[in-house]
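See structure below.
Only a predicted model underlies this, so the values are computations on that prediction, with no experimental measurement involved. Per chain, numbering begins at 1; letters A, B, ... match sequence-line order.
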Amino acid sequence: MPELPEVEIVKQSLDKKIRFKKIKRIIVRNRNLRSKIPKNFEIFLKNKNIKKISRFSKYIILNFYDDSFCIIHLGMSGTIHLVKNYKKKKFTNLSFYQSPILPSKHNHIEIQFQNFSIIYNDPRRFGFFELIKNKKKLSKRFSHLGPEPFSKLFNLNYVQHYLKSKKKYIKSFLLDQKFVSGIGNIYASEILFLCKINPQKKAQNLNQDECKKIIYFSKLVLKKAIRLGGSSIRDFKNVSGKNGLFQNEFKVYQREHLKCLKYDCQGKIKKKIISKRSTFFCNKCQN
DNA sequence: AAGAGGCCCTGATAGC
DNA sequence: TGCTATCAGGGCCTCT
């Protein structure tokens with residue numbers, strides 16, 4: 001589920017809840033996530049004091065006072081839930097993201113604090129946890145990733161230069177974390193719709209104005225999504241008010257066959273598979 | 001270097 | 001009802 005805005009929402013609620021807290025105990029129920037949970041995982045984290053929670057791209061970063069880190073990636077289906085520890089474990093409605101009803105089958109990792117725990121649930125196990133020893137190794141870990149859309153590094157010069165001789169479709173590059181990091185499949189379609197650029201336009205054929213639009217609307221869409229609490233699709237019945245609202249703002253995503261929402265456009269939304277992912281666009285105004 | 005394709009995994013849904 | 005096929009918001013790896 002998680003693209004940059006959703007991860008940012010999780011990060012914010014985590015920061016509110018576990019900043020300055022001390023990890024009491026770690027329980028790993030399934031070590032086989034995307035990458036194997038290392039043997040020293042529990043020992044490494046036990047008694048660590050959390051300085052703050054930060055985020056880069058789609059990665060959540062637990063910052064500890066001893067300058068070590070734990071990074072969490074939610075993959076496609078990872079969610080983090082808050083659980084009260086005492087009595088019969090009762091789930092609060094403070095679910096950080098998605099359903100307040102905690103699924104039990106795929107609760108792979110539990111991090112216990114004084115009075116509560118956070119639980120990592122991930123049916124598809126595409127997510128992962130990684131331990132990082134120091135700041136240097138942290139920046140090395142992210143060195144292969146391009147700038148976030150919000151970064152000053154994501155500017156006209158960079159974009160034009162990067163795409164100059166690229167033959168792949170522009171959609172592929174919005175998904176390419178080496179080019180720009182944090183955008184995923186939903187927001188890629190939404191951004192290109194606002195830009196009025198066909199997702200199948202070859203990157204090298206974008207003119208200066210189109211590059212400017214990509215930069216502008218990438219920032220705009222992600223910021224708006226964060227403001228609205230992210231997007232919750234495949235909604236469950238039990239969702240609390242904590243769910244995101246940006247799915248109501250989708251202009252093209254999952255709107256195949258429907259009329260284009262641009263005020264003066266008579267086009268229809270089409271769906272095509274581009275770089276192995278569903279891509280939605282208007283056949284008229286994204287020519 | 002750049003691009004295409006495969007793979008990791010479970011669950012929901014559609015079609016027969 | 002039960003089977004199979006397809007699809008899902010990500011990212012890494014290999015091969016050409």
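Here B/dA2 presents its P atom at 19 Å from OH of A/Tyr169, a figure rounded to the nearest Å. Put simply, CZ on A/Arg277 is 8 Å from P on C/dG11, counting in whole angstrom units. With rounding to whole Å, A/Gln177 atom CD is found 14 Å from C/dG9 atom P. As rounded to whole Å, 13 Å separates atom C1' of C/dC7 from atom CD of A/Glu256. Rounded to whole Å, atom P of B/dG11 lies 11 Å from atom CG of A/Asp122. Going from atom NZ of A/Lys276 over to atom P of C/dT14 covers 18 Å, rounded to whole Å. Following rounding to the nearest Å, A/Ile273 (CD1) and C/dG10 (C1') show an atom-to-atom distance of 15 Å. Rounded to an integer number of Å, the gap from CZ of A/Arg34 to C1' of B/dC9 is 10 Å.
Out of C/dC12, B/dG5, C/dG9, the shortest distance to the side chain of A/Tyr59 is found at C/dC12. With distances taken from any side-chain atom of A/Glu3 to the nucleotides B/dT10, C/dG9, C/dG11, the minimum falls on C/dG9. Of all nucleotides listed (B/dG5, C/dG9, B/dT10), C/dG9 comes nearest to the side chain of A/Tyr253. For A/Phe126, whose side chain is taken as the heavy atoms from C-beta onward, the closest listed nucleotide among C/dG9, B/dC8, C/dC12 is B/dC8. Among B/dG6, B/dG11, C/dG10, the nucleotide with an atom closest to any side-chain atom of A/Met76 is C/dG10. Here B/dA4 is the nucleotide among C/dG10, C/dC12, B/dA4 with the atom lying nearest to any side-chain atom of A/Lys168. Out of B/dG3, B/dG11, C/dC12, the shortest distance to the side chain of A/Lys167 is found at B/dG3. Of the candidates B/dG3, C/dG9, B/dG11, the closest approach to any side-chain atom of A/Ile186 belongs to C/dG9. When each of B/dA2, C/dC12, C/dG10 is scored by its nearest atom to the side-chain atoms of A/His144, the top-ranked nucleotide is C/dC12.
At least one test fails for A/Lys224 against the ring of A/Phe246: distance under 6.0 Å to the centre or angle within 45° of the axis. Taking the ring axis of A/Phe44 as reference, the NZ or CZ atom of A/Lys48 stays within 45° of it and closer than 6.0 Å to the ring centre. In this structure, A/Lys196 forms a cation-pi arrangement with A/Phe193, its terminal cationic atom sitting closer than 6.0 Å to the ring centre and no more than 45° off the ring axis.
Under the 6.0 Å cut-off for aromatic ring centres, A/Phe250 and A/Phe280 do not qualify, their centroids lying 6.0 Å or more apart.
Here the rule is side-chain contact (heavy atoms from CB on, under 4.5 Å) with A/Leu4, and of A/Phe56, A/Phe150, A/Tyr187 only A/Phe150 fits it. Applying side-chain hydrogen bond (donor to acceptor under 3.5 Å, both in side chains) to A/Asn185 and the options A/Lys171, A/Glu3, A/Lys276 leaves one that passes, A/Lys171.
Summarising the base pairing, C/dG9 is matched to no nucleotide, lacking a Watson-Crick or G-U wobble pair whose two defining distances lie under 3.5 Å. B/dC9 is unpaired under the criterion used here, namely a Watson-Crick or G-U wobble arrangement in which both key atom distances are under 3.5 Å.
A/Asn198 places none of its side-chain heavy atoms less than 4.5 Å from the side chain of A/Tyr169.
Across the P atoms, B/dG5 and C/dC7 are found 16 Å apart, a figure rounded to whole Å. Taking atom P in both C/dT6 and B/dG6, one finds a spacing of 14 Å when rounded to whole Å.
In this structure, A/Tyr187 reaches neither bases nor backbone, as no heavy-atom distance under 4.0 Å exists between it and the strands shown. At a threshold of 4.0 angstrom between heavy atoms, the contacts of A/Phe250 with the nucleic acid are absent. Within the 4.0 angstrom heavy-atom criterion, only backbone atoms of the sugar-phosphate kind lie near A/Arg125; the bases stay farther away. Residue contacts for A/Phe173: at a heavy-atom cut-off of 4.0 Å it reaches the sugar-phosphate backbone alone, with no base atom in range. Across all strands shown, A/Lys271 has heavy atoms under 4.0 Å from sugar-phosphate atoms exclusively, and none from any base.
Side-chain to base pairing of A/Arg124 with B/dC9: one donor and one acceptor N or O lie within less than 3.5 Å of each other.
An OP1 or OP2 oxygen of C/dG11 is reached within less than 4.0 angstrom by a side-chain nitrogen or oxygen of A/His73. Here A/Lys105 does not reach the OP1 or OP2 of B/dT10: none of its side-chain N or O atoms lies under 4.0 Å away.
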